[in-house]
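Step one of this worksheet: look at the structure below.
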Amino acid sequence: MTMQGLARLVLLTVQIFVGITSTLGGAALALGGVIDFSGTALAIPLDYLEGSPFTTFLVPGLALAILVGGTHLVAFAMLARRMRWAMIASATAGFAMLVWVFVQMMFIPFSPLQAIYFGLGLAELAATFVQLDILHPWSHATVHRARTHTDDAEADVARSG
């Protein structure tokens, strides 16, 4: 499997996983804002919202489901169909994940899930960069190729000047 193929597989896997889990998690949070889940695994302490602009988890839940889950599901569908703007959608989804975790860490105590999802966001962005041919992991040819193009351009300028 080529590096491009591996990057595509990583992207598709991360996007569908994050898309589904964020949409379901966001829906559970939003429902917790209107339904009392006290005494269940879905109950999240309202103390987590202290210092935030929110009094319930309704808006944060909708934001998680739509902004994080939705962007990941759209990026997944676009990448799976090899649509023209799939890489922009992938980068947007990856950055949305990182921003979500950063903002979340400002308001609620650290959770291992934050580290996991932050890592997934980084993996998604790295795979996007590989797909865009911006990042060349494990390749010394990149440095050589960049030098060769620079040397060729300088030689062309010297010949014409």
Side-chain angles (χ1 to χ4, degrees), residues 1-32 41-42 44 48-49 51-54 57-154 156:
M1 179 175 278
T2 67
M3 188 57 66
Q4 294 284 323
L6 180 60
R8 180 177 161 74
L9 181 62
V10 166
L11 269 176
L12 288 168
T13 303
V14 169
Q15 288 169 347
I16 195 65
F17 176 78
V18 172
I20 290 170
T21 59
S22 295
T23 301
L24 293 176
L29 279 176
L31 286 174
L42 294 176
I44 298 175
Y48 285 179
L49 295 175
S52 81
F54 307 108
F57 287 104
L58 178 62
V59 173
L62 290 173
L64 176 60
I66 296 167
L67 299 177
V68 178
T71 58
H72 278 83
L73 292 175
V74 167
F76 173 81
M78 290 178 74
L79 185 62
R81 293 182 177 149
R82 299 181 189 276
M83 295 176 75
R84 180 178 185 172
W85 300 101
M87 290 299 99
I88 290 177
S90 295
T92 301
F95 281 118
M97 173 57 66
L98 297 182
V99 169
W100 176 264
V101 173
F102 275 130
V103 171
Q104 189 182 59
M105 290 179 69
M106 291 171 43
F107 295 107
I108 67 171
F110 175 78
S111 160
L113 281 177
Q114 291 168 330
I116 291 168
Y117 278 87
F118 189 80
L120 288 171
L122 290 176
E124 185 172 12
L125 287 176
T128 300
F129 291 164
V130 169
Q131 285 282 288
L132 291 170
D133 206 26
I134 294 170
L135 181 65
H136 306 275
W138 308 292
S139 172
H140 297 293
T142 304
V143 174
H144 175 70
R145 184 173 39 208
R147 285 186 186 147
T148 303
H149 290 302
T150 303
D151 294 344
D152 290 346
E154 289 172 356
D156 290 342

[Y] side chain reached by [X] side chain, heavy atoms, under 4.5 Å:
| X | Y | result |
| --- | --- | --- |
| Y117 | V68 | no |
| L12 | F76 | yes |
| L64 | Q104 | no |
| M87 | L11 | yes |
| V10 | E124 | no |

### Task
Keeping the roles fixed (side chain from R81, backbone from A86), state whether a donor-acceptor pair exists under 3.5 Å.
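Not a single qualifying donor-acceptor pair exists.
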How close do [X] and [Y] get, counting heavy atoms only, and between which atoms?
| X | Y | answer |
| --- | --- | --- |
| W100 | P60 | CH2-O, 3.3 Å |
| F110 | A115 | CZ-CB, 3.9 Å |
| A93 | H72 | O-CE1, 3.0 Å |
| R8 | A80 | NH2-O, 3.7 Å |
| T128 | S90 | OG1-CB, 3.5 Å |
| V130 | A7 | CG1-CB, 3.6 Å |

Kindly compute the distance separating [atom1] ([X]) from [atom2] ([Y]), expressed to the nearest 0.5 Å.
| X | Y | atom1 | atom2 | answer |
| --- | --- | --- | --- | --- |
| Q15 | T71 | CD | OG1 | 9.0 Å |
| L9 | T2 | CG | OG1 | 10.5 Å |
| I20 | I16 | CD1 | CD1 | 4.0 Å |
| L132 | Q4 | CG | CD | 8.5 Å |

### Task
Return the orientation label for the F102 and F118 ring planes: parallel under 30°, perpendicular over 60°, tilted otherwise.
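If you compare the ring of F102 with that of F118, the planes turn out perpendicular.
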### Task
I would like to know whether V74 and T92 meet side-chain contact (heavy atoms from CB on, under 4.5 Å); could you show each step before the answer?
CA-CA 10 Å; V74 167; T92 301; over 6 Å; no
Listed pairs under 3.5 Å, donor-acceptor, residues 22-32 side chains, sequence neighbours left out:
residue : atom : partner : partner atom : Å
S22     : OG   : V18     : O            : 2.9
T23     : OG1  : G19     : O            : 2.6

